[in-house]
Amino acid sequence: MLIKICGLTKVTEADYLNANHVDFAGFVLFFPKSKRNITIEQAKEIMQALDPSIKKTAVVVKPSIKQIRQIEAAGFDYIQIHGMIDPALFSQIRLPVLKAFNVKDMDTIADYRLDKNVAGYVFDAHEPGSGKSFDWSMLSDIPRDNKLFFLAGGISADNVKEAIKKLSPDGIDVSTGVEYNASNKTGKDPQKIEEFVRIIRTEQKTYNRFSFYK
Ligand SMILES: O=C(O)c1ccccc1N[C@@H]1O[C@H](COP(=O)(O)O)[C@@H](O)[C@H]1O
């Protein structure tokens, strides 16, 4: 099971990801509406502190070609794209894409299935980064293919086990669920990250043991 922690804003948060050997780190860029929005320069600083095995993902909403080129030049491994983007622009992207769907646009997945540059899909709630979930039954009719299937949107230590059991995603994507919710602290909470990762890894071990007997 791949683990993706999104919305890093501080260099110290890289340590929490390194310590827990997660697989992907996400950085919200060019989206001032988000409290997690950072500049490419800030993202670069955090990326330098990340273990090289962790895949660095630029998270954007309807990016322009200028923004895409800046992201490509900054050393990201993946670009996660929310919202509709012109196919002519999409075909010019030189990084592997994680195409995000936010409930209303889930039926557009058909447009990306044959695109070799699309490495995976992120199924997210209506409002990205809101910490709200959505009706997972929407995903049961979506045929799986050879691309990565990430589940996002309101995942936390409270529901991640159930999410894995119900949907068997390739990866779990979390932001709000591993953040402080106290008024005097912001950003990622190392204890929540540790607990979240532990639950996923334990669930995975149980699943692997069970599969052996199937
Ligand atoms: O986190 C944001 O503010 C954000 C802004 C714009 C696009 C995507 C954003 N976050 C993505 O939302 C999911 C996680 O959501 P949650 O907070 O766990 O409910 C993840 O894919 C983030 O990259």
Side-chain angles (χ1 to χ4, degrees), residues 1-10 13 16-17 20 22-40 42-43 46-47 50 54-64 67-68 71 76-85 95-106 109 112 118-136 138-139 147-164 167 169-181 186-189 192-193 195-197 199-200:
M1 178 75 52
L2 300 168
I3 302 179
K4 179 164 172 284
I5 310 269
C6 249
L8 303 193
T9 57
K10 300 170 190 177
E13 294 172 346
Y16 315 153
L17 272 62
N20 289 285
V22 306
D23 306 282
F24 287 77
F27 304 85
V28 177
L29 302 169
F30 306 116
F31 197 63
K33 268 200 268 181
S34 170
K35 64 178 179 186
R36 308 178 184 100
N37 187 54
I38 56 171
T39 64
I40 292 233
Q42 288 171 307
I46 303 171
M47 290 198 292
L50 277 179
I54 300 177
K55 302 295 179 205
K56 302 172 287 291
T57 307
V59 177
V60 282
V61 181
K62 297 183 190 168
S64 67
Q67 293 167 345
I68 291 168
I71 287 165
F76 290 94
D77 300 299
Y78 288 84
I79 180 167
Q80 174 176 324
I81 298 187
H82 291 252
M84 295 304 288
I85 161 164
L95 280 173
V97 175
L98 296 177
K99 181 67 189 80
F101 302 98
N102 297 92
V103 178
K104 277 190 177 165
D105 56 356
M106 277 183 194
I109 188 173
Y112 302 96
V118 175
Y121 315 117
V122 178
F123 296 98
D124 194 1
H126 178 58
E127 194 190 328
S130 63
K132 291 182 192 149
S133 189
F134 62 100
D135 181 4
W136 294 336
M138 291 183 73
L139 302 178
K147 300 187 192 297
L148 295 173
F149 181 109
F150 279 95
L151 180 67
I155 312 287
S156 70
D158 295 335
N159 62 3
V160 69
K161 214 168 143 176
E162 187 195 351
I164 294 170
L167 295 165
D170 297 307
I172 291 286
D173 184 348
V174 64
S175 186
T176 310
V178 292
E179 285 174 348
Y180 291 108
N181 46 20
T186 58
K188 302 300 183 233
D189 178 338
K192 283 193 184 172
I193 292 182
E195 186 193 9
F196 191 76
V197 170
I199 293 171
I200 295 176

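Ligands are counted one by one from 1 in listed order, and the atoms in each one are counted from 1 as well. Computed from a predicted structure; not experimentally measured.
Distance check, rounded to the nearest 0.5 Å: NZ of Lys192 to OG1 of Thr176 gives 9.5 Å.
A cation-pi arrangement is found for Lys99 relative to Phe101, the charged atom lying closer than 6.0 Å to the ring centre and inside a 45° cone about the ring normal.
Here the closest non-hydrogen pair linking Phe150 and Phe24 is CZ-CE1, 3.7 Å.
Annotation: Tyr112 is not in aromatic contact with Tyr121 [ring centroid separation under 6.0 Å not met].
Inspection of the Ser175 and Lys188 side chains reveals an N or O donor paired with an N or O acceptor under 3.5 Å.
Just one residue in the list Ile40, Ile68, Val59 forms a side chain to side chain contact (heavy atoms under 4.5 Å, CB included) with Phe30, and that residue is Ile40.
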Return a table of N or O atom pairs, ligand 1 on one side and protein on the other, at distances under 3.5 Å, rounded to 0.1 Å.
residue, atom, partner, partner atom, Å
ligand 1, 1 (O), Arg36, NH1, 2.7
ligand 1, 3 (O), Ser34, OG, 2.6
ligand 1, 3 (O), Arg36, NH1, 3.1
ligand 1, 12 (O), Asp124, OD2, 3.1
ligand 1, 12 (O), Gly129, N, 3.0
ligand 1, 17 (O), Thr176, N, 3.0
ligand 1, 17 (O), Thr176, OG1, 2.4
ligand 1, 18 (O), Ser175, N, 3.0
ligand 1, 18 (O), Thr176, N, 3.4
ligand 1, 19 (O), Gly131, N, 2.9
ligand 1, 19 (O), Gly154, N, 2.8
ligand 1, 21 (O), Gln80, NE2, 3.1
ligand 1, 21 (O), Asp173, OD2, 2.7
ligand 1, 23 (O), Gln80, NE2, 3.4

